[in-house]
Amino acid sequence: MEAKKLGLVLGISTIVAAFTMILHLLEAPQVQHALLGEFNFIIPAMLKGASSSGKYQQGKAGVLLPNLTSCHESMGRSDLPVYCCPPMNQSDVAFIDFQFPDPSLPLRVRRPTHLLDENYIAKYKKAITIMKSLPDTDPRSYTRQANLHCLFCTGAYNQQDSNSPLDIHRSWLFFPWHRMLIYFHERILGGLIIGDDTFALPFWPWDIPEGMVIPEMYMKAPFFHEARDISHFPPSVVDLDYSCTASSSDDYGCFESGLGPEDQVYTNLVMMYNQMVAGAKKMELFMGCPYKAGEGGSCNGPGTLELAPHNTVHKWVGSNLNPGSREDMGVFYSAARDPIFYPHHANIDRLWEVWTKLHGNKVITDPDWLDSSFFFYDEKLQLNKIKIRDVLSITRLRYAYEKVDFPWLNNRPRPSVPLEVARNVLKTRQNAKLQRNGRFLDSTLRTRVNRPKLRRTKKEKDEEEEILVVHGIDVPEGRYVKFDVYVNVVNETIMNPRFREFAGTFVHIDPGVIRVAREANLETLRKKTDLKLGISELLEDLEADGDDSIWVTLVPRSKGCINATVDGLRIEYIR
Ligand code: C2O
């Protein structure tokens, strides 16, 4: 208790110090760039003619398939070799095409972590204990399961017929690949307790107030995990927008939001509303960019939910004793070693279902996505080749989610100041002198962005979502980069996702390892990112729909931003 109090005092004084520093920075005119404004107009001109419809383009055929003979080892920091490849070469392993489970089998019902009973926990405990006791030569072993995630997040496999590595984060591969991973993980766990075909993973519902702490069960063996941030143990409320604010005294220091439990819960709910509803009205905004096969086929553009809370919760759980990377959950190569990875991803998987239902069961129809395939071992030690199209119905996979409420569904945020006040301040700001040296995200960037179409009708808005693109984000290797994007903000220093001015956040998690190139073209993994944020609803709420330009502010939230750059901002429309 005393330690907690001390922590709180230290926490508050650090926040006060950081706040003072930020205020100080904002006072210095040479630091507060009102920039980008000019080069902002150069880049869109260059890109004219590029698609602005935003509908996934039908490019040349680009079905993805990993080449299992191509496993590259990775190196972590010099003191930390990371070997995720399976002990034996997989090229001789015969595979089968995935078969749907018998439709007469009972559904595996995944339940929320706060509603599990003793019997269930005992069963899960038994399964995971057996899994942890299997040798690494067994693909069902806990280490091999965790390494699967490492392999596909570090680009350890090349693609079939190409020397491009395959990475399943930051694109439309994110949801289906993780669905496959935990689906087979669940079947294996069930198999280990003598063919229990009702066994289901639990989900950690951090999007509802009852689920906003680390689940009780994951605080005890065998679900407890050493490499976590002790200060985030219960009753600490999860921060779905967890930031590692830049600090001069500590290179990587992650700051707590400083919000009390009730405010944190409220802010989380508003954040959820933005990531699931207001900011995710079109497929690409939620699912991410179309990653296809071949050298030119990769892309780097995560969807709203992947950016946050997915990435932010990873960082929030990971250990502060591993600064910067916050292993194990805080970087991808090690994330799946923590048992909490699985209920975290079950919740991500559930929210994909929820979003799909909220959007009239729309699915991506591009065959390149539907036919992209991956390999997974099942409980019978058979290697399955499974296509994305095979995992689009969870009923056909014979699992389901127990219903929980969506308290965030109607948490539409309000502006931080009365709109009249904001309008007057923003009017005077139009005279601000623009500087050009603002591509680095070393401090708050503010710029005006022109809007091509004003006062669109409701029908036009439903058809075409207005999106703000922060394009060409270049992230330095090995750094955690997070920045928030706000529109028509008067005072950046008080901003957080609870206010309507919040358009979204960019959160980049590093794989955590340096990839060993061997016959792989790593340039394709180093592509710049485009962040696409849906803002039609935000503009209505801020009564900015008739304005021919908006003010956009990028607020760095991590030390890694110092070396990150952005190419510019523009408005596009997505169908
Ligand atoms: Cu592949 Cu939660 O990350």
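As the structure lists them, so they are numbered: ligands from 1, and atoms in each ligand from 1.
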Under 2.8 Å: N/O/S of H149 next to atom 1 (Cu) of ligand 1: yes

F506 vs T529 side-chain heavy atoms within contact, under 4.5 Å: yes

K292 side chain reached by W172 side chain, heavy atoms, under 4.5 Å: yes

Rounded to 10 degrees, the angle NE2 of H169 makes with NE2 of H178 at atom 1 (Cu) of ligand 1: 110°

Plane angle bin for Y124 and F223 - parallel if under 30°, tilted between 30 and 60°, otherwise perpendicular: tilted

Residue H314 atom name (nearest to atom 2 (Cu) of ligand 1; N/O/S): NE2

Check: L65 and K385 side chains under 4.5 Å, non-hydrogen atoms: yes

Shortest-distance N, O or S atom of H345 relative to atom 2 (Cu) of ligand 1: NE2

H178 backbone acceptor or donor facing D349 side chain under 3.5 Å: no

Atom name, H310 (N, O or S, nearest to atom 2 (Cu) of ligand 1): NE2

